[in-house]
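A short write-up of the structure that comes next.
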Amino acid sequence: MSHSSPGMPETVTIYEVGPRDGLQNESALVPVDTKVEFIERLVAAGLPIVEATSFVHPRWVPQLADAAEVVARLDLAGTVPLPVLVPNERGLDRALDAGCSHVAVFASATETFAAKNLNSTLDGQFEAFEPTMRRALEAGLDVRAYISMCFGDPWEGEVPIDQVVATGRRLLDLGASQLSLGDTIGVGTAGHVGALLEAFAGEGVVVDRLAMHFHDTYGQALANTFAALQHGVTTFDASAGGLGGCPYAHSATGNLATEDLVWMLDGLGIGHGVDLQALVATSTWMADHLAKPPASAVVRALSGNFSG
Ligand code: MG
């Protein structure tokens with residue numbers, strides 16, 4: 001049963017990250033055929049955008065070493081964009097060779113994570129993004145920018161809001177079409193979400209340029225999503241079945257599950273275009289391939305009603 005929600009958006013865009021962010025954080029190596037079928041099933045279930053893979057060096061993410069093979073088998077000319085992550089110019093070259101039209105770069109809001117994940121500094125990371133983003137834009141590609149550790153950082157604790165806004169501002173100035181603000185370790189709470197979004201608004205960043213990327217590690221992802229909806233956010237990242245544990249905590253729960261998000265949006269009467277039954281069937285099928293139960297509470301609640 002849905003109930004109208006005054007002040008909330010009428011529709012939102014769910015940015016599906018399961019094939020990339022989900023699978024890169026699962027220990028199992030999934031065959032190319034299964035990845036391609038997974039992406040095609042997500043598109044068929046109505047997801048309006050599905051991040052397909054990452055052109056990061058296979059040494060860092062062996063789970064996605066087959067990125068070129070996967071992309072070669074996808075319908076890149078279809079109506080649903082299938083973005084790929086590009087960590088640097090070499091990754092961009094591979095994305096251009098593959099014919100990708102949408103790419104994403106991955107930034108850090110903190111000094112320590114920039115050092116550990118990007119082998120750079122908070123300030124220095126932009127030097128690497130500049131040629132990558134400029135060349136992508138010159139080639140006519142859409143460039144999304146992820147920002148990790150927007151709320152808390154496992155080494156630095158709570159992350160100053162102005163540091164996150166300054167990072168986002170620089171990425172927008174470099175030409176990012178959208179920022180995905182990541183709560184990478186899932187410690188954010190609803191009040192913090194509101195404060196961060198108000199700080200971006202205070203710097204003149206319109207809310208349409210912002211997506212939220214919540215993790216459910218501490219059980220806060222839907223509460224945080226609700227707070228972001230109240231602030232007018234209309235793009236939410238989510239991972240089918242809740243794929244992808246949290247690499248920074250001993251928890252099976254990382255990414256917000258797409259099904260959990262869809263269930264809440266349905267209750268609020270907010271449009272999203274996703275067929276929940278088809279999505280649950282897809283996540284149940286993928287859970288069988290990974291030989292582990294889905295992290296999503298909604299998938300676990302509903303999957304007995306469907307055959308995978
Ligand atoms: Mg994630």
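Just so you know, ligand 1 is whichever comes first in the structure, and atom 1 is the first atom listed for that ligand.
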**OP:** Answer yes or no as to whether an N/O/S atom of Thr184 is found below 2.8 Å from the Mg ion (ligand 1).
**Re:** no
Original post:
Quick one: angle Asn255 OD1 - the Mg ion (ligand 1) - His215 NE2, to the nearest 10°?
Top reply: 80°
**OP:** Using a 4.5 Å cut-off on heavy atoms from C-beta on, say whether the side chain of Leu243 contacts that of Asn255.
**Re:** no
Original post:
Strictly under 2.8 Å, is any N, O or S atom of Asp21 next to the Mg ion (ligand 1)?
Top reply: yes
**OP:** Report yes or no: is the cationic atom of Arg20 (NZ for Lys, CZ for Arg) under 6.0 Å from the centre of the six-membered ring of Tyr146, at an angle within 45° of the ring normal?
**Re:** yes
Original post:
Within 45 degrees of the axis of the six-membered ring of Phe129 and under 6.0 Å from its centre: does Arg170 put its NZ or CZ there?
Top reply: no
Original post:
Short question: side chain of Thr121, backbone of Gly124 - any donor-acceptor pair under 3.5 Å?
Top reply: yes
